[in-house]
Amino acid sequence: MRFLPVPVCMQWALLASAAADVPYQEYILAPTTRVLSPVSIYQTGGDVQNAAALLHPIGAGAQSNWSTTFSGNGSYVTLDFGKNIAGGVSFHVDAVSGGSDSIGFTFSESSMYISAQHCDAVQDGAFDLPQWFNNTTPGHYEAGHEFQRGAFRYLTVVHNSTEAISISNVTVYWAASPEMANPAAYTGYFHSDNDKLNRVWYAGAYTNQICSADPTTGVALGAPFAGWYYNYTVSNGGKRDRVVWPGDIVISGPSIFVSTNSLEPIRNAIDSLFLYQKVDGRLPAAGYPLAQLFAWSFTYHCHTLNDVYDYYMFSGDIDYLRSLWEQYKLGVNYPLQFIDSSGLANVTTISDWGRGGMSGHNIEANSILFHTLQNALKLAAIMNDTSESSRWELSAAGIPIAADNLLWDESVSLYRDNDTIAYGSPATSYPQDGNSWAVIAGIANGTRAAAISDALKARWIRPYGAPAVEANDGDTISPFATGFELRAHFMAGHPDSALDLMEFMWADYMLDDPLMRMAGLLPRHHCSHSMLGA
Ligand SMILES: *[C@@H]1O[C@H](CO)[C@@H](O)[C@H](O)[C@H]1NC(C)=O
Ligand SMILES: *[C@@H]1O[C@H](CO)[C@@H](O)[C@H](O)[C@H]1NC(C)=O
Ligand SMILES: *[C@@H]1O[C@H](CO)[C@@H](O)[C@H](O)[C@H]1NC(C)=O
Ligand SMILES: *[C@@H]1O[C@H](CO)[C@@H](O)[C@H](O)[C@H]1NC(C)=O
Ligand SMILES: *[C@@H]1O[C@H](CO)[C@@H](O)[C@H](O)[C@H]1NC(C)=O
Ligand SMILES: *[C@@H]1O[C@H](CO)[C@@H](O)[C@H](O)[C@H]1NC(C)=O
Ligand SMILES: *[C@@H]1O[C@H](CO)[C@@H](O)[C@H](O)[C@H]1NC(C)=O
Ligand SMILES: *[C@@H]1O[C@H](CO)[C@@H](O)[C@H](O)[C@H]1NC(C)=O
Ligand SMILES: *[C@@H]1O[C@H](CO)[C@@H](O)[C@H](O)[C@H]1NC(C)=O
Ligand SMILES: *[C@@H]1O[C@H](CO)[C@@H](O)[C@H](O)[C@H]1NC(C)=O
């Protein structure tokens, strides 16, 4: 397996000479041009004539008859773009029988949610109504700025009147990663003799791309499900679910650095979090508009600090680090007040990713804090500012010892979630996230890390993946939490376990299983969670 980072100058040379020379381009899912046409018709309903014409990006009149005619109420065509895409619709109205007519579009990532009545939802638990173009007459139409839709694979053209309307040239402007002139022009490449790993790597890189959006098209909180629109300014950069989440960047940041090296959205996302820092040092759990509601999460606070560390390590941008340094130090110091006489932090907020029971002397939170302090010490040395370093060293020093004393359960070779539960408790009391982070942070190393790796592996649920037992129903498969488990297997000296897990969970299940194929490219929730770390 090799990483082939291509120096910028060489990359320009490649682009200048021939795009066809881009290494491993057969794996790159990003389009080279932003105007996309559907690749197939998934289904039609009602009275539709010449549906196949919608597969051609040619306007009416270019060849014999490239119009598709929808007659009567409830006629529709579902177009398949072959993979998840993101952006806005445009089309041409060629003729209408009654002078003017309406035509609508619904969007869906999964074939399970294709509907002529509604879209899959921007927010969980409800559906969005179609995007309607009403009273159209012959001419060109395109979606406004606030109708740039997040990821979808299926686009259903809906007709809801007794008239007949003929349309053509339905295309989607791929609006993701607006900062890239050519979305397929990667600066880093991965290749191995394992086709599954190659496909997983490029699927991850592409998912990150469709998670980078024009920041002025963020989710507008409280937007009605009918008449949805995306026109909220979430930051100077954003993501597919249109909210900045610092925990996701722990996964997506390193992946972006090694694929597109598109650093701007990451820096913008970090800025949007520090902008809302409280004077006591607390950072918001998510970017705005959620930051305005200000939930504080112990773990997401630390994730933001670690995003800064990663950003600096990959960019070398010392001026940027200097600009955040005082705020960063304030941020590192804030959680230290929760470290009690046990040596562990006693977490008093429940906010975290989709797990339950985030409080008390929690192994995940303490491992992430330990990792944060190690990173902070490294950055302090780089900044020539060790004013806080002895405090940070002292705080960190007690964590592995206390975790060993209070949380390690030798009988199962795993840490308990917290010290309110008994040794030898049900498996759900030994979290995937906390045990993975204990290895990543170096709280567990050597033979203990190897034992944790084996114990986590013993819980795998083939053919699906590694369970996040701490999530609410105990058998959730989370690409987010499992991304950390993968790192733990590597760090424990078990790369074979990591490769096995990547193959069956990310390739066989998430990319190739019919159940997941229905969901387009990658699972619907946990957008950037789907990525492998670098
Ligand atoms: C194109 O075909 C549609 C239905 O197939 C028909 O209604 C329309 O009149 C045709 N247009 C032209 C210009 O032939
Ligand atoms: C089809 O639509 C695309 C996107 O709006 C546009 O660029 C192109 O010119 C259209 N083609 C014709 C023949 O109208
Ligand atoms: C179609 O139009 C009717 C009447 O205007 C309306 O009640 C119905 O909700 C519409 N269907 C959709 C999918 O918008
Ligand atoms: C647009 O047309 C659709 C379908 O007939 C209808 O449900 C919707 O209410 C209309 N919207 C407006 C703003 O008239
Ligand atoms: C179209 O059909 C739907 C469902 O059958 C109905 O609710 C709606 O009123 C109809 N719209 C028109 C304009 O006839
Ligand atoms: C967003 O769009 C909605 C609906 O068009 C509008 O009411 C609102 O004022 C817009 N907000 C901004 C910030 O443009
Ligand atoms: C301790 O862990 C258990 C098992 O995961 C969990 O149910 C409980 O809520 C946790 N306690 C606290 C205080 O978070
Ligand atoms: C953590 O702190 C809370 C609030 O001060 C307290 O009620 C709780 O008992 C503490 N938990 C532990 C395990 O010390
Ligand atoms: C830290 O000090 C070294 C040695 O004096 C210097 O080269 C470096 O630029 C300093 N770093 C910063 C961030 O000021
Ligand atoms: C392993 O972990 C223990 C306990 O945290 C620590 O004392 C030791 O230095 C670590 N060893 C290495 C090689 O990191």
Side-chain angles (χ1 to χ4, degrees), residues 33-38 53-63 66-67 70 72-76 87-94 96 98 100-106 116-118 128-136 138-143 157-163 165 167-175 224 226-229 298-299 338 344-352 355-366 406-407 409 414-435 467-474 476:
T33 146
R34 289 177 178 269
V35 176
L36 306 182
S37 295
L54 290 175
L55 299 181
H56 299 277
I58 328 283
Q63 293 188 27
W66 292 106
S67 257
F70 296 79
N73 185 10
S75 50
Y76 69 91
V89 167
S90 90
F91 62 99
H92 198 273
V93 174
D94 301 316
V96 284
S100 76
D101 198 2
S102 303
I103 196 86
F105 296 86
T106 70
Q117 276 77 46
H118 49 68
D128 299 336
L129 288 179
Q131 178 189 356
W132 286 107
F133 291 81
N134 285 0
N135 309 315
T136 63
H140 177 78
Y141 293 86
E142 59 188 46
V157 188
V158 190
H159 184 243
N160 186 12
S161 84
T162 52
E163 310 290 341
I165 181 169
I167 67 168
S168 60
N169 198 24
V170 172
T171 61
V172 168
Y173 183 82
W174 195 87
W228 52 269
Y229 45 83
F298 191 103
T299 51
F338 297 100
L344 294 175
N346 172 10
V347 180
T348 56
T349 86
I350 57 162
S351 300
D352 197 11
R355 59 125 67 220
M358 167 45 67
S359 45
H361 293 136
N362 176 279
I363 186 64
E364 185 212 5
N366 277 279
L406 293 177
L407 301 176
D409 187 342
L414 289 167
Y415 291 97
R416 297 177 297 159
D417 188 69
N418 57 69
D419 55 359
T420 66
I421 50 181
Y423 286 95
S425 286
T428 51
S429 304
Y430 301 87
Q432 178 190 30
D433 57 10
N435 280 283
V469 298
E470 65 278 22
N472 299 331
D473 51 10
T476 296

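One-based numbering, in listed order, for ligands and for the atoms of each. Numbers for residues simply follow the sequence, beginning at 1.
Residue S102 comes nearest to N135 through the heavy atom pair OG-N, 3.8 Å, listed as atom of the first residue, atom of the second, then distance. Nearest heavy-atom pair, T299 versus E364, reported as atom, atom and distance to 0.1 Å: CG2-OE1, 3.9 Å. The two atoms that bring P431 and R416 nearest to each other are CD-C, 4.0 Å, heavy atoms only. Across all their heavy atoms, L54 and V170 have their closest contact at CD2-CG2, 3.7 Å.
Every atom of ligand 7 is numbered from 1 in the order shown, and the set under 4.0 Å from a heavy atom of N418 is 1 (C), 2 (O), 3 (C), 8 (C), 10 (C), 11 (N), 12 (C), 14 (O). Remark: ligand 4 atoms within the under-4.0 Å shell around heavy atoms of N134 are 1 (C), 2 (O), 3 (C), 8 (C), 10 (C), 11 (N), 12 (C), 13 (C), 14 (O). Close contacts between ligand 7 and T420 involve ligand atoms 1 (C), 11 (N) [criterion: under 4.0 Å to a heavy atom].
Ring geometry for Y141 versus F133: interplanar angle over 60°, hence perpendicular rather than tilted (30 to 60°).
Here the side chain of E470 pairs no donor or acceptor atom with the backbone of D417 at under 3.5 angstrom.
Of the protein's non-hydrogen atoms, S359 OG, 3.3 Å is the one closest to atom 13 (C) of ligand 7.
For the pair S429 and ligand 7, the shortest N or O to N or O distance does not fall below 3.5 Å. When only interatomic distances are considered, the shortest N/O to N/O separation between E142 and ligand 2 does not fall below 3.5 Å.
Considering G360, G356, G357, P431 only, the shortest heavy-atom separation from atom 14 (O) of ligand 7 involves G357. Counting only non-hydrogen atoms, the option in N160, N73, L129 that gets closest to atom 5 (O) of ligand 4 is N160.
The part of H140 lying near ligand 2 is the side chain, judged by heavy-atom distances below 4.0 Å. Looking at T428 against ligand 7, only its backbone comes within 4.0 Å, counting heavy atoms.
Checked by atom type, the side-chain pair H159/D101 shows a donor-acceptor distance below 3.5 Å.
Inter-residue side-chain proximity for Q432 and P467 is flagged as unmet; no heavy-atom pair is nearer than 4.5 Å.
The protein does not reach atom 7 (O) of ligand 7 closely, with no heavy atom under 4.0 angstrom from it.
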